[in-house]
Trainee: 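What follows is a single structure, and I will ask about it in a moment.
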Number of protein chains: 2
Amino acid sequence: MSVADYKGNIKETPFGYTLSVIGGKWKLLIIYLLAENQTVRFNDLKRRIGAITYKTLSAQLKELETDGMVKRKEYPQVPPKVEYSLTEKAETLLPVLEELCEWGAKNQSKKIIL
Amino acid sequence: MSVADYKGNIKETPFGYTLSVIGGKWKLLIIYLLAENQTVRFNDLKRRIGAITYKTLSAQLKELETDGMVKRKEYPQVPPKVEYSLTEKAETLLPVLEELCEWGAKNQSKKIIL
DNA sequence: GTTTACACTATCCTTTCGGGTAGTACCTAT
DNA sequence: ATAGGTACTACCCGAAAGGATAGTGTAAAC
C-alpha cells in the first residue's frame with residue numbers, strides 16, 4: 001500500500017505506522033534515555049524525565065511495548081523490580097531518528113522565504 | 001539542546017520540531033500528493049484525499065504553510081484559483097520520509113519476539 | 001434562472017490524549 | 001512504629017485535534 005493510497009486509516013501505511021510508533025508525547029525521550037542507558041527501571045525513568053506522571057509514563061511504556069519497541073523484564077521479588085530496555089527493532093530505528101533530528105536542527109530556525 | 005534534555009516542551013528540540021511539522025493526521029498524505037503532482041488546487045486535493053473535510057484540509061494546509069512546508073499561490077480571479085506546492089525545505093525532508101517509510105514497511109508486520 | 005464550481009469560513013460537536021490525585025501490597029530502614 | 005521506596009492502577013478532568021454541516025460571493029454553464 002502506497003502512502004498516497006490511504007483514505008484516513010493512516011496507521012495502515014508504512015509511514016503512518018512509523019509515526020504511530022514514535023508519535024507519543026514522551027516516546028522519543030523514552031527511546032533516547034533507553035538508548036543511552038541500556039536498561040532503566042520504572043521510577044528511575046520517571047525521575048529522569050521529571051515532568052511526566054506515573055500514569056502517562058506507564059501508558060507510553062505499554063504502547064511502546066505492544067509495538068515491540070521496548071522490552072519489559074520483571075523480577076519476581078518484593079519490592080518489585082522492572083527493567084526496561086530497547087528491542088533490536090527499536091535500535092534499527094535510531095539512525096533514522098538521528099536524521100530527523102538533523103533535519104529539525106537545520107530547519108527549526110530558518111526563516112520562511114516565499 | 002539535546003533530545004534528552006527537554007522536560008515536556010518537545011517542540012523546542014530538533015526532533016520534536018520535525019515531529020510537529022509532519023505529525024498532523026493528514027500532513028504526510030498532503031506532502032506526498034504535492035510531491036507527486038508538483039502543484040495541486042484546493043478542491044483537487046480534497047477530492048484526492050476524499051475522507052477529509054474542508055475545514056480540516058484548510059487547517060492542515062495553513063499549518064504546513066506557516067511551517068514553511070507548502071507554498072500557496074492565489075490567482076486574483078473569479079471563481080478563485082489557488083495552487084499549492086512544496087517548498088524547497090519540504091523537498092529536503094522527502095529522503096528522510098522515504099527511510100521512515102521503509103522502516104515502517106519492514107517492521108509493520110513483524111511479530112514481536114520477547 | 002437554476003445549478004454548479006471555486007476556495008474557503010463559522011459554528012458546534014465528538015473523540016482522543018494526556019494530566020492530577022489518590023490508593024494498593026509488601027518490604028526495608030530508622 | 002512510622003516513614004519511605006517499588007511499580008504500578010483507577011477514576012475523573014480539561015485541552016486540543018479533528019469531524020459534520022451549513023453558508024458566502026461571484027461567474028460561467030446549461
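Note that these values count all heavy atoms, side chains included, but never hydrogens, waters or copies made by symmetry. We name chains A, B, ... by the order of the sequence lines, and we start the count at 1 in each one.
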Trainee: Over how many whole Å does the gap from A:Trp26 atom CH2 to C:dG18 atom C1' extend?
Mentor: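 Spelled out: CH2 on A:Trp26 to C1' on C:dG18 is 10 Å.
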
Trainee: When all nucleic acid strands are considered with a 4.0 Å heavy-atom cut-off, which category describes B:Lys46: base, sugar-phosphate, or nothing?
Mentor: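 Here B:Lys46 touches no strand at all.
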
Trainee: Is there side-chain contact between A:Val70 and A:Thr87, with heavy atoms separated by less than 4.5 Å?
Mentor: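 No, every pair of side-chain atoms sits at 4.5 Å or beyond.
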
Trainee: Does the protein touch nucleotides 25-30 of chain D at the base, only the backbone, or not at all? Give it as B, S and - per nucleotide, heavy atoms under 4.0 Å.
Mentor: BSS---

Trainee: Report the C-alpha distance between A:Leu33 and A:Val40 in whole Å, list the side-chain angles of each, state the deciding distance to 0.1 Å, and finish with yes or no for side-chain contact (heavy atoms from CB on, under 4.5 Å).
Mentor: CA-CA 8 Å; A:Leu33 287 174; A:Val40 188; 5.5 Å; no

Trainee: So, does A:Arg47 get its side chain near the phosphate of D:dT6, meaning an N or O under 4.0 Å from OP1 or OP2?
Mentor: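 True: A:Arg47 side-chain N/O within range (under 4.0 Å) of D:dT6 OP1/OP2.
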
Trainee: Looking only at the side chain of A:Arg41 (C-beta and beyond, no hydrogens), which of the listed nucleotides D:dT6, C:dG18, D:dG18 gets closest?
Mentor: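 Given the options D:dT6, C:dG18, D:dG18, the side chain of A:Arg41 is closest to D:dT6.
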
Trainee: Should B:Thr56 be listed as having a side-chain N or O under 4.0 Å from OP1 or OP2 of D:dG19?
Mentor: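 Yes, such a contact exists.
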
Trainee: Whole angstroms only, please: what is the NZ-C1' distance between B:Lys27 and D:dG18?
Mentor: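 My rounded result for the distance is 12 Å.
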
Trainee: Do any N or O atoms from the side chain of A:Thr39 and from the backbone of A:Glu83 form a donor-acceptor pair under 3.5 angstrom?
Mentor: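 No.
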
Trainee: Please name the pair of heavy atoms, one in B:Val21 and one in B:Leu64, separated by the smallest distance, quoted to 0.1 Å.
Mentor: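 Looks like O-CD2, 3.8 Å.
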
Trainee: Once you round it to whole Å, what is the distance between C1' of C:dG20 and CG of A:Leu57?
Mentor: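 These atoms are roughly 15 Å apart.
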
Trainee: Could you pull out every donor-acceptor pair under 3.5 Å between side chains of residues 95-104 of chain B and any protein atom, sequence neighbours left out?
Mentor:
from	atom 1	to	atom 2	distance (Å)
B:Trp103	NE1	A:Thr92	OG1	2.9

Trainee: According to side chain to side chain donor-acceptor pair (under 3.5 Å), who are the partners of A:Ser85, at least two apart in sequence or on a separate chain?
Mentor: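 Once residues adjacent in sequence are excluded, A:Ser85 has no partner under the side chain to side chain donor-acceptor pair (under 3.5 Å) criterion.
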
Trainee: What integer distance in Å separates B:Ile49:CD1 from C:dC8:P?
Mentor: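 In whole Å, C:dC8 P and B:Ile49 CD1 are 14 Å from each other.
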
Trainee: B:Gln77 has an atom CD; how far is it from atom C1' of C:dC8, in whole Å?
Mentor: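 These atoms are roughly 15 Å apart.
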
Trainee: Not counting sequence neighbours, which residues clear side chain to side chain donor-acceptor pair (under 3.5 Å) with B:Ser58? List them please.
Mentor: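 So B:Ser58 forms no side chain to side chain donor-acceptor pair (under 3.5 Å) with any residue.
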
Trainee: Test of understanding: clusters of I, L, V, M, F, W, Y form through side-chain heavy atoms closer than 4.5 Å, transitively. Do A:Tyr54 and A:Ile30 belong to the same one?
Mentor: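 Cluster IDs for A:Tyr54 and A:Ile30 match.
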
Trainee: Could you tell me the separation between the NZ atom of A:Lys25 and the P atom of C:dG19, rounded to a whole number of Å?
Mentor: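 The answer, rounded to whole Å, is 4 Å.
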
Trainee: Toss me the dot-bracket line for DNA chain D: Watson-Crick and G-U wobble, both under 3.5 Å, 5' to 3', using | for pairs to another strand and [ ] for crossers.
Mentor: ||||||||||||||||||||||||||||||

Trainee: Heavy atoms only: give me the nearest B:Tyr84-B:Arg72 pair and the separation to one decimal.
Mentor: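 Closest heavy-atom pair between B:Tyr84 and B:Arg72: CE2-CG, 3.3 Å.
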
Trainee: Give me the distances for all protein-to-nucleotides 8-12 of chain D N/O pairs that come in under 3.5 Å?
Mentor:
from	atom 1	to	atom 2	distance (Å)
D:dC8	OP1	A:Arg72	NH1	2.2
D:dC8	OP2	A:Arg72	NH1	3.1
D:dC8	OP2	A:Tyr84	OH	2.9
D:dT9	OP1	A:Lys62	NZ	2.8
D:dT9	OP2	A:Ser58	OG	2.8
D:dT9	OP2	A:Lys62	NZ	3.2

Trainee: Between atom CD in A:Gln60 and atom P in C:dT16, what is the gap in whole Å?
Mentor: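 Whole-Å distance recorded here is 16 Å.
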
Trainee: Would a 4.5 Å heavy-atom cut-off, applied to side chains only, mark B:Lys27 and B:Met69 as touching?
Mentor: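 A side-chain contact under 4.5 Å is absent here.
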
Trainee: Could you report the tightest heavy-atom contact between B:Asn107 and A:Tyr17, atom names first, then the distance?
Mentor: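 Residues B:Asn107 and A:Tyr17, closest heavy atoms: O-OH, 3.7 Å.
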
